[in-house]
2 protein chains.
Amino acid sequence: MSNNRDDDIEWFAEIFKALSNPNRLKIFLRLITCCPPGTIMNIDPDHCEKGCACVGELGQDLEIVPSTLSHHIKELRRAGLIRMQRRGQKVDCFIDPETLKAVKNFFS
Amino acid sequence: MSNNRDDDIEWFAEIFKALSNPNRLKIFLRLITCCPPGTIMNIDPDHCEKGCACVGELGQDLEIVPSTLSHHIKELRRAGLIRMQRRGQKVDCFIDPETLKAVKNFFS
DNA sequence: CGCAAAATTCGATATTTTTCGAAAGTTCAA
DNA sequence: TTGAACTTTCGAAAAATATCGAATTTTGCG
């Protein structure tokens, strides 16, 4: 009974909710400078400032305890803002480019 | 003891929190098509789709009871997303262009 | 295997948010 | 000035959220 517009509204509300917590927003901003895993480093240093960040690095950089961090990361993922990929014991996080594009388009 | 970057993060978190509720997001989207009060209507119909919306119109369009609506509007205003201006018995709402610009710049 | 590292889940608590109806405050018009 | 229209505030209850420590799971390594 709900049309696409309403679905969109619900989804964007989810996205903004994910970004509404300062800790989560910091995680998001920390990840925005990363590249997706598998990215070939370019000669241009601006192309990718840092390698991809695993969960532990985020916790260390932002001083969030593991359980809280894990919760926030789950929320960001639930909103479709970030994706994850295991690399051995670590799990890398990176921004979902599709969702990022959708949010950019939202304000236009 | 907090620098500008942290202040910015807190402020944007506030903004996203204001947009994180479906009702508030609908209010925001309803107002995005309005013009600020005092705008001279242009010949170009795309210039300003609707006149400015007062609180009551928003409640009618979006089917939100007055007390709930008033609460949500206050949240949007607290975040700096909307501004208001009394016009007789009614109170007009409109998007704050500065804040809108700031949010657009956030995703860039 | 057995241990350490990394991350998640569980359980619990304090706080915040959402929503509504009732009441109160403003403004205009008769 | 009295009443109606419009909006806000107040009070309250249910639901959601944020945070942490303890326990658990998953992975790699010696």
Side-chain angles (χ1 to χ4, degrees), chain A residues 6 9-31 34 37 51-94, chain B residues 6 9-31 34 37 51-94:
Chain A
D6 275 350
I9 287 177
E10 296 292 331
W11 183 46
F12 280 112
E14 286 282 318
I15 289 174
F16 295 134
K17 188 192 294 182
L19 297 175
S20 75
N21 176 277
N23 274 334
R24 283 197 296 267
L25 190 54
K26 285 175 192 167
I27 296 170
F28 178 81
L29 291 174
R30 168 67 178 77
L31 289 176
C34 296
C52 205
C54 68
V55 175
E57 280 177 287
L58 295 172
Q60 200 164 355
D61 290 1
L62 308 175
E63 295 181 332
I64 307 172
V65 300
S67 56
T68 300
L69 179 68
S70 190
H71 164 69
H72 285 318
I73 286 178
K74 187 153 69 172
E75 294 295 305
L76 286 167
R77 194 171 49 165
R78 211 164 55 82
L81 279 166
I82 71 173
R83 298 173 60 187
M84 307 177 77
Q85 190 171 63
R86 185 170 272 280
R87 175 172 51 90
Q89 294 168 301
K90 309 186 178 183
V91 176
D92 285 331
C93 307
F94 57 100
Chain B
D6 275 351
I9 287 178
E10 296 293 330
W11 183 47
F12 280 111
E14 285 283 316
I15 288 175
F16 295 134
K17 187 191 297 182
L19 297 175
S20 74
N21 177 276
N23 274 334
R24 283 197 296 267
L25 191 54
K26 284 175 193 166
I27 296 169
F28 177 80
L29 291 173
R30 169 68 178 77
L31 289 176
C34 295
C52 206
C54 68
V55 175
E57 279 177 285
L58 295 173
Q60 198 164 355
D61 290 1
L62 308 176
E63 296 182 332
I64 307 172
V65 301
S67 56
T68 300
L69 178 68
S70 189
H71 164 69
H72 285 317
I73 286 178
K74 186 153 67 171
E75 294 294 304
L76 286 167
R77 194 171 48 165
R78 211 164 55 82
L81 279 165
I82 71 174
R83 298 171 59 187
M84 307 178 75
Q85 191 172 64
R86 184 169 273 280
R87 175 171 51 92
Q89 294 167 302
K90 309 184 178 183
V91 176
D92 285 332
C93 305
F94 57 101

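Letters A, B, ... are given to chains in the order of the sequence lines, protein chains preceding strands, and every chain is numbered from 1.
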side-chain contact (heavy atoms from CB on, under 4.5 Å) evaluation trace for B:E14 with B:E10: CA-CA 6 Å; B:E14 285 283 316; B:E10 296 293 330; 5.7 Å; no

Using distance only, find each side-chain donor-acceptor pair of residues 15-23 of chain B under 3.5 Å and give its atom names and separation, not counting sequence neighbours.
from	atom 1	to	atom 2	distance (Å)
B:S20	OG	B:K17	O	2.7
B:N21	OD1	B:N23	N	2.8
B:N21	OD1	B:R24	N	3.1

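- In this structure, CZ in A:R77 is found 11.0 Å from CZ in A:R83, a value given to the nearest 0.5 Å.
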Trace of the side-chain contact (heavy atoms from CB on, under 4.5 Å) decision for A:I73 with A:L58: CA-CA 10 Å; A:I73 286 178; A:L58 295 172; 4.1 Å; yes

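- Using a 4.5 Å cut-off on side-chain heavy atoms (C-beta onward), A:L62 and A:L69 make no contact.
- If you measure from atom CD1 of B:I73 to atom P of D:dT9, you get 11 Å, rounded to the nearest angstrom.
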Base-contact (B) and sugar-phosphate-only (S) positions in nucleotides 17-30 of chain D, heavy-atom cut-off under 4.0 Å, - elsewhere: SSBBBB----BS--

Criterion side-chain contact (heavy atoms from CB on, under 4.5 Å) on A:D92 and A:C54, from CA distance to verdict: CA-CA 4 Å; A:D92 285 331; A:C54 68; 3.5 Å; yes

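- Residue A:R77 contributes atom CZ, which lies 13 Å from atom P of C:dA7 at whole-angstrom precision.
- In this structure, CG of B:L69 is placed 15 Å from C1' of C:dG21, rounded to the nearest angstrom.
- The CD-P distance, from B:Q60 to D:dC6, rounds to 9 Å in whole Å.
- Contact check, A:K74 against C:dT9: a side-chain N or O comes under 4.0 Å of OP1 or OP2.
- B:E57 places its CD atom 12 Å from the C1' atom of D:dC6, with the value rounded to the nearest Å.
- Across the protein-nucleic acid pair, B:K90 atom NZ and D:dA4 atom C1' stand 13 Å apart, rounded to whole Å.
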